[in-house]
Amino acid sequence: MLTRAWILETLALLPLYTWPVFFLEVWRFERYYRAYRAANPVGMLGVAVLPNGRLVITLQLAGDRPDPDDWTNFAPRAPWVRLAPGGFLAALDARLESYWNWTVLVPESDPNCTAAGPAFLDSS
């Protein structure tokens, strides 16, 4: 997209009789630019102005297509939700309830015991 400042700077350098040609070229380029952007959302276009007011495309690069295996296809990009005060502790307490019914038995220092650590048994 050609900016207003760039167009005004270019008009200051061109002779007055080439302005209609330049305005026609700007209109054509804007139409082409919109069509190009619709087909290639990522890329670059470079433009030069000839002394007779004609625009010439000097650079045209299409960008890479988006990666089909992007992580946003599998996980949302939504921002984190702020928890209410005490919300984390309530969520943690709900998860720990499943572990409260477990009893930990520590083996005594018996030489015949082969247990390497504490044994977990369900108390229910």
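Worth knowing before you read on, the calculation uses all heavy atoms, side chains too, and leaves out hydrogens, waters and symmetry mates.
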Novice: Using a 3.5 Å distance criterion without hydrogens, assess whether the side chain of Arg37 forms a donor-acceptor pair with backbone atoms of Asn40.
Specialist: yes
Novice: Within 45 degrees of the ring normal and closer than 6.0 Å to the centroid, is that where the cationic atom of Arg31 sits relative to Trp27?
Specialist: yes
Novice: Show the nearest heavy-atom pair for residues Pro15 and Pro51, with the distance to one decimal.
Specialist: CD-O, 4.2 Å
Novice: Between Leu16 and Trp19, is there a side-chain heavy-atom distance shorter than 4.5 Å?
Specialist: yes
Novice: Would you say Val21 ends up clustered with Leu2 if hydrophobic residues are merged whenever their side chains have heavy atoms under 4.5 Å apart, either directly or through other cluster members?
Specialist: no
Novice: Going by heavy atoms in the side chains, are Leu45 and Leu59 under 4.5 Å from each other?
Specialist: no
Novice: Which pair of heavy atoms, one from Gln60 and one from Tyr32, lies closest together, and at what distance?
Specialist: NE2-OH, 2.7 Å
Novice: Do Val26 and Ile57 share a hydrophobic cluster, counting only Ile, Leu, Val, Met, Phe, Trp and Tyr and linking them when any side-chain heavy atoms are less than 4.5 Å apart?
Specialist: yes
Novice: Could you grab the distance from atom CZ of Phe23 to atom CZ of Arg28, nearest 0.5 Å is fine?
Specialist: 15.0 Å
Novice: Hydrophobic clusters here meaning ILVMFWY residues chained together by side-chain heavy-atom distances under 4.5 Å, can you tell me if Val49 and Leu11 are in one?
Specialist: yes
Novice: Once you round to the nearest 0.5 Å, how far does CG of Asn52 lie from OH of Tyr17?
Specialist: 8.5 Å
Novice: Are Tyr33 and Val56 joined in one hydrophobic group, where the rule is that I, L, V, M, F, W and Y side chains link up if heavy atoms are under 4.5 Å apart?
Specialist: no
Novice: Side-chain heavy atoms nearer than 4.5 Å, only ILVMFWY residues, links allowed to pass through others: does that put Ile7 and Leu55 together?
Specialist: yes
Novice: Within this structure, what is the OG1-CZ distance for the pair Thr10 and Phe22, rounded to the nearest 0.5 Å?
Specialist: 4.5 Å
Novice: Answer whether the closest heavy-atom distance between the side chains of Glu30 and Glu25 falls below 4.5 Å.
Specialist: no
Novice: Do you know which two heavy atoms are closest between Ala48 and Thr58, and how far apart they sit?
Specialist: CB-CG2, 3.6 Å
